[in-house]
Amino acid sequence: MRTDKVGGASDPFDVVVIGGGLAGLAAAWRLRKQRVLLLESGDRLGGRLYSQREDGDDYWLNFGAHLFPAPGGVVDSMAKDVGLQTLPITGSMMGIAYKERILSSGPIESYPLRLPLPVREKIAFARAGVRLKRAVARYHQVLARRPGESEAELRQRSLAYLDDRTFSEFLGDLSPETASIFACAAHRATAEPASLSAGSGIGLFALVWGGAGSLIARNLVGGSSVLPEALGRQLGDRVRLGAEVRRIAPRAEGIQQVEYTIDGQSEIAEARHVIVAVPAPIAAPLVAPISRVAAESLSAITYGPFLSMAMRTNEVAAQPWDDVYALATPGRSFDMFTNHAQILRTSAERAPGGSLMVYAGGDGAARLMARPDEEIKQTFLADLHRLYPGTRGIVAEAKVHRWQLGNVYARPGRHRLQPALEGPLGESRNVHLAGDYFAELGSMETAAKTGDSAAQRVARALASGG
Ligand SMILES: Cc1cc2nc3c(=O)[nH]c(=O)nc-3n(C[C@H](O)[C@H](O)[C@H](O)COP(=O)(O)OP(=O)(O)OC[C@H]3O[C@@H](n4cnc5c(N)ncnc54)[C@H](O)[C@@H]3O)c2cc1C
């Protein structure tokens with residue numbers, strides 16, 4: 001086994017970051033002037049940000065996260081640091097396709113009246129919608145940051161908000177048709193309404209209805225992977241790909257030994273601080289030797305799957321989905337249809353070709369992802385052709401991606417797990433957690449913010465000689 005050190009035989013790294021998703025990248029980026037090593041088990045950076053673009057192609061295939069937060073946050077600032085700029089999405093983001101009707105414009109309050117539902121259903125749907133709108137307004141009020149409140153305190157309040165009941169219980173009795181519409185929305189959090197806490201169900205709608213300033217309002221031309229790739233290029237040999245961390249072992253004088261495998265070899269990196277930026281179920285066994293309570297909390301955090309299919313299309317004329325960015329599709333094998341070429345449709349002349357994605361979340365995704373790729377493709381394509389018959393014959397390429405840990409979601413009681421995860425862990429107080437699971441619903445900005453906060457804590461400790 002080889003031991004990695006820098007700057008001489010007795011010199012450990014200032015910090016080892018485990019995981020090269022946005023949380024780990026934000027941490028490594030903040031600490032890039034220190035002696036930092038980022039270990040990523042995969043063959044690329046970005047984690048759940050994943051797009052593919054061929055040289056010279058205007059379009060890119062998207063498999064994971066694609067909606068970027070508004071300017072002013074950590075993701076935006078990292079993008080700017082590497083010369084990238086996200087753009088506001090101009091297409092419709094709150095469309096819904098139910099049975100044969102597609103609604104992608106007009107106030108959402110009018111949807112219950114305009115969807116092909118029996119009158120009784122329209123009334124029940126409208127009532128549930130009004131309750132939800134009021135709850136979202138209250139959510140914004142209650143969770144506005146209070147003067148002097150820390151990130152951790154705000155997080156705790158946010159996680160505790162209506163987490164004594166499920167989203168189903170909050171919605172009340174709904175007919176199967178109306179329930180399927182809300183279930184489709186909950187699948188965006190990879191959960192079923194009966195598992196999701198009421199607070200996170202409401203938070204999900206607050207996010208979707210958040211408008212231009214929200215966490216999900218923008219796109220990166222070229223695809224989401226452009227950002228981690230650019231960060232990776234600048235981080236250079238501070239990043240090691242294909243490096244799977246197996247164990248963190250405390251050593252004398254507060255130094256942590258991070259054991260990992262790379263190219264079939266076992267190696268050790270010694271570090272003054274470790275930032276663990278992998279999903280909670282993977283983080284749990286890694287931090288168990290450092291903090292048993294943190295490991296127990298991490299093991300209790302819930303994730304659901306996403307199953308996505310990215311498609312390259314070869315149409316030569318304008319299409320009915322050109323102005324649509326995202327469409328919820330209840331009652332189909334996928335829950336969401338997204339049009340990744342929409343951001344490029346700026347000139348009067350419509351360029352040929354396009355890029356679409358469909359994805360399913362929750363129980364439906366779990367069932368379908370167990371099937372072979374070809375069956376998944378045929379299932380998704382059959383529903384896509386029913387949704388937009390014009391897609392028949394123009395799908396030149398379709399690729400399936402399975403996300404077993406697609407997104408984190410909060411179950412009732414989630415806030416009780418949080419205190420054990422905050423702050424530095426262990427006797428030496430030099431192991432730190434970061435990841436999207438710090439919030440009730442996973443997002444790029446939460447991931448990046450927690451990585452950045454952990455890095456700032458490390459920078460302060462290093463500066464004070466700790
Ligand atoms: C289909 C899909 C759509 C989404 N849409 C959006 C969206 O539009 N907007 C949005 O804000 N969010 C979206 N999300 C959520 C968003 O992608 C995540 O919240 C965020 O990217 C999580 O970042 P992370 O760094 O916490 O975790 P991850 O991205 O999961 O990164 C963890 C990294 O750790 C690595 N790793 C794991 N184990 C080890 C180990 N033992 N050693 C070393 N490395 C290891 C993994 O390979 C991975 O690269 C979406 C997610 C999916 C799957």
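Read the numbers this way: they start at 1 and go in the same order the structure lists the ligands and their atoms. Computed from a predicted model, the values in this text were never measured in an experiment.
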_Please list, in number order, the atoms of ligand 1 under 4.0 Å from a heavy atom of Glu244._
41 (N), 42 (N)
*Examine Gly406 against ligand 1 and note whether any of their N/O atoms are separated by less than 3.5 Å.*
no
*CZ/Arg292: more than 12 non-hydrogen atoms of other groups inside 6.0 Å*: no
*For Glu440 and Ser158, work out which heavy atoms get closest and say how close.*
OE2-OG, 3.0 Å
_With Leu441, the side-chain contact (heavy atoms from CB on, under 4.5 Å) member among Leu204, Thr446, Thr190_ = Leu204
*Mind checking whether Pro69 contacts ligand 1 via backbone (N, CA, C, O), side chain (CB onward), both or neither, at a 4.0 Å heavy-atom cut-off?*
neither
_NZ/NE/NH1/NH2 to OD/OE distance under 4.0 Å, Asp452 and Lys449_ = no
*When you check the gap from the basic side-chain N to the acidic O, do Asp57 and Arg312 get nearer than 4.0 Å?*
yes
*Around atom CG of Asp322, are there more than 12 heavy atoms of other residues, nucleotides or ligands at under 6.0 Å?*
yes
*Within-shell test, Phe306 vs ligand 1, heavy atom, strictly < 4.0 Å*: yes
_Tell me the contacting part of Phe63 for ligand 1: side chain, backbone, both, or neither, using a 4.0 Å heavy-atom threshold, strictly below._
backbone
*Between Asp436 and ligand 1, is there a nitrogen or oxygen pair with a distance under 3.5 Å?*
yes
*asked:* Suppose I only count heavy atoms of Gly435 and a 4.0 Å limit; which atoms of ligand 1 are within that range?
replied: 26 (O)
*With a cut-off of 4.0 Å, which atoms of ligand 1 are near a heavy atom of Val278?*
34 (O), 36 (N), 37 (C), 38 (N), 39 (C), 45 (C)
*asked:* Regarding atom 40 (C) of ligand 1: of the candidates Asn219, Val258, Val245, which has the closest heavy atom?
replied: Val245
_Can you classify the ring geometry of His401 versus Phe63 as parallel (below 30°), tilted (30 to 60°) or perpendicular (above 60°)?_
tilted
*Near Ile282, which atoms of ligand 1 are under 4.0 Å from a heavy atom of that residue?*
37 (C), 38 (N)
_For ligand 1, the portion of Ser443 having any non-hydrogen atom under 4.0 Å away_ = both
*Is there any N or O on Gly42 that sits under 3.5 Å from an N or O of ligand 1?*
no
_Just to check, does Ala277 reach to within less than 4.0 Å of ligand 1 when the distance is taken from its heavy atoms?_
yes
*asked:* Between ligand 1 and Arg48, is the shortest N or O to N or O distance under 3.5 Å?
replied: yes
In residues 221-235, what donor-acceptor pairs under 3.5 Å come from side-chain atoms, sequence neighbours left out?
| from | atom 1 | to | atom 2 | distance (Å) |
| --- | --- | --- | --- | --- |
| Ser224 | OG | Ala65 | O | 2.6 |
| Ser225 | OG | Ser51 | N | 2.7 |
| Ser225 | OG | Ser51 | O | 3.2 |

*With sequence neighbours excluded, tell me which residues meet salt bridge (charged side-chain N to carboxylate O under 4.0 Å, His left out) with Arg371.*
Glu375
_Show me which atoms of ligand 1 lie under 4.0 Å from any heavy atom of Ala23._
25 (O), 26 (O)
*Measure Thr446 to ligand 1 on non-hydrogen atoms and call it side chain, backbone, both or neither using the 4.0 Å cut-off.*
neither
*Do ligand 1 and Glu40 have nitrogen or oxygen atoms that lie under 3.5 Å from each other?*
yes
*Closest by any non-hydrogen atom to atom 9 (N) of ligand 1: pick that one out of Leu45, Leu67, Val408.*
Leu67
*Whether Ala243 lies under 4.0 Å from ligand 1, heavy atom*: yes
*Output the list of atoms in ligand 1 that are nearer than 4.0 Å to some heavy atom of Ala447, sorted by atom number.*
22 (C), 23 (O), 24 (P), 26 (O)
*With a cut-off of 4.0 Å, which atoms of ligand 1 are near a heavy atom of Gly442?*
19 (O)
*Hey, can you tell me if Tyr388 and Phe337 have their rings parallel, tilted or perpendicular (30° and 60° cut-offs)?*
tilted
*Between Phe167 and Phe205, what is the ring plane arrangement, given parallel below 30°, perpendicular above 60°, and tilted in between?*
tilted
*Hey, does the Lys NZ or Arg CZ of Arg155 hover above the aromatic six-ring of Phe438, less than 6.0 Å from the centre and inside 45° of the axis?*
no
*Any nitrogen or oxygen of Ser41, main chain or side chain, under 3.5 Å from a nitrogen or oxygen of ligand 1?*
yes
_Beyond-backbone contact of Val274 with Val15, side-chain heavy atoms, under 4.5 angstrom_ = no
*Answer yes or no: are there more than 12 heavy-atom neighbours, outside Arg429 itself, under 6.0 Å from its atom CZ?*
no
*Could you tell me which atoms of ligand 1, counted from 1 in the order shown, lie closer than 4.0 angstrom to a heavy atom of Leu39?*
43 (C), 44 (N)
